[in-house]
Amino acid sequence: MATGTEPPATEPLPQRGGVRTRTRAAISAPHLRTDRWWLAPAATAAGLLAFIVYSTWRAFADEHYYAAPYVSPFYSPCLAERCEPMRGGPNWEIFGGWWGISPAIIILIFPLGFRLTCYYYRKAYYRGFWASPPACAVAEPHQKYSGETRFPLILQNLHRYFFYAALLVAGILTYDTVLAFRDENYEWGHMGLGTLVFLVNIVLIWAYTLSCHSCRHIVGGKLKHFSRHPVRYRMWQWVGKLNARHMQLAWASLVSVALADFYVYLVASGAFDDPRLF
């Protein structure tokens, strides 16, 4: 039975590839959107690319990452023997003198792995970089879609394991924030502008980490009767409220961790003196 969507015999069939197949409506245009649909994926790609460039530069710089009492979140914990000595700081010389490149390379794989496999970031870079699809109601240019069943996208299934690593990293960054209440002579009871920067960053880091879909599943998943688990139910509700802001928290924490690193860089390089509040 004709549905009215079949192309006339004299009209060429829609281009094959992506969603432009014989089973789709016979629309010759790639899409019918007239708004600036490309603006959102372009902005997303630009923002993520800017962070990639900055974090890569800072990770391989191997300098200006510690200015007492502040340590860059990109270099914490510092696991190589060649790390700058940090009194009371996260100096764990697990990797001996054989490690010759920047110590940031050791630790950054865990928070970056958590973000790369994050459910929100998947949407962000699927659209911004891979155009799969570039926007709602806009056909993707790929001829076929295999989902997350092949390399490298199959690695997205490791998200739940990176979540546990992200919890550990967030705990260490919390420790670094506590140490930020010292002065340059390691005396307690002091607070500088950098302390505020670290406080804002750690709050956003925890909010983003706990708003993760894996965290929500761990807290309330597989429960058949919430009434029998009132504590987990309340935690599930709280995490659910954070989860509703997962996108905003993802971007806010991404910016805050870069700003915290840049602040330490400015202080450590001597370009800026950390103002003391008390």
Side-chain angles (χ1 to χ4, degrees), residues 43-87 89-118 121-122 124-125 128-130 151-152 155-156 158-159 161-162 165-177 179-180 194 197-198 200-202 204-205 208-209 250-274:
T44 297
L48 293 178
L49 187 61
F51 180 80
I52 291 171
V53 172
Y54 174 79
S55 60
T56 301
W57 165 60
R58 286 294 293 139
F60 283 95
D62 196 17
E63 62 179 356
H64 305 316
Y65 58 84
Y66 181 69
Y70 309 124
V71 55
S72 164
F74 289 179
Y75 287 80
S76 182
C78 210
L79 302 180
E81 187 178 290
R82 60 195 302 274
C83 295
E84 292 188 22
M86 295 176 274
R87 182 175 172 182
N91 278 97
W92 304 337
E93 299 177 359
I94 299 177
F95 288 73
W98 60 271
W99 186 266
I101 61 177
S102 172
I105 307 301
I106 306 174
I107 192 63
L108 276 181
I109 186 175
F110 299 108
L112 288 180
F114 178 62
R115 288 184 182 268
L116 284 174
T117 58
C118 166
Y121 281 113
R122 296 185 198 186
Y125 57 72
F129 291 98
W130 295 344
F151 183 84
L155 297 179
Q156 303 285 18
L158 296 177
H159 182 60
Y161 305 109
F162 277 116
L167 285 178
L168 178 61
V169 172
I172 295 171
L173 295 183
T174 303
Y175 176 71
D176 295 341
T177 304
L179 295 182
V197 173
F198 272 54
V200 171
N201 178 57
I202 196 57
L204 291 174
I205 289 292
Y208 166 64
T209 304
W251 280 105
S253 60
L254 191 73
V255 172
S256 71
V257 73
L259 288 178
D261 170 81
F262 187 63
Y263 188 89
V264 175
Y265 167 77
L266 292 177
V267 176
S269 63
F272 180 76
D273 291 329
D274 179 47

Working to the nearest 0.5 angstrom, can you tell me the gap between [X] [atom1] and [Y] [atom2]?
X: E63; Y: E84; atom1: CD; atom2: CD; result: 9.0 Å
X: L112; Y: T117; atom1: CG; atom2: OG1; result: 10.5 Å
X: D274; Y: Y70; atom1: CG; atom2: OH; result: 3.5 Å
X: L254; Y: C118; atom1: CG; atom2: SG; result: 10.5 Å
X: T177; Y: N201; atom1: OG1; atom2: CG; result: 7.0 Å
X: S256; Y: F198; atom1: OG; atom2: CZ; result: 11.0 Å

Where is the tightest heavy-atom contact between [X] and [Y], given as atom of each residue plus distance?
X: A170; Y: I205; result: CB-CG2, 4.0 Å
X: M86; Y: C78; result: CE-CB, 3.7 Å
X: G128; Y: A45; result: O-CB, 3.5 Å
X: L179; Y: G89; result: CD1-CA, 3.7 Å
X: A59; Y: I105; result: CB-CD1, 4.0 Å

Got a sec: does the [atom1] of [X] have more than 12 other heavy atoms crowding it under 6.0 Å?
X: I52; atom1: CD1; value: yes
X: Y161; atom1: OH; value: no
X: F129; atom1: CZ; value: yes

Side chain to side chain contact (heavy atoms under 4.5 Å, CB included), paired with R115, selected from F162, Y121, F51 = Y121
Only one of I106, N91, D176, I172 forms a side chain to side chain contact (heavy atoms under 4.5 Å, CB included) with P77, so which one is it?
-> I172
Within-4.5 Å side-chain heavy-atom neighbours: [X] and [Y]:
X: Y175; Y: V71; answer: no
X: P103; Y: D62; answer: yes
X: F114; Y: H159; answer: yes
X: W99; Y: L79; answer: no

Would you find a donor on one side and an acceptor on the other, under 3.5 Å apart, between the side chain of [X] and the backbone of [Y]?
X: Y66; Y: C83; result: no
X: S76; Y: S72; result: no
X: R82; Y: G97; result: no
X: Y125; Y: L116; result: yes
X: W98; Y: G100; result: no
X: W92; Y: F95; result: no
X: T209; Y: L167; result: no
X: Y54; Y: F262; result: yes

Any donor-acceptor N or O pair under 3.5 Å, side chains Y75, D261 | no
Could you go step by step and tell me if L204 and W251 meet the side-chain contact (heavy atoms from CB on, under 4.5 Å) rule?
-> CA-CA 10 Å; L204 291 174; W251 280 105; over 6 Å; no
Would you confirm whether the ring centroid of Y265 sits within less than 6.0 angstrom of the ring centroid of F74?
->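 No.
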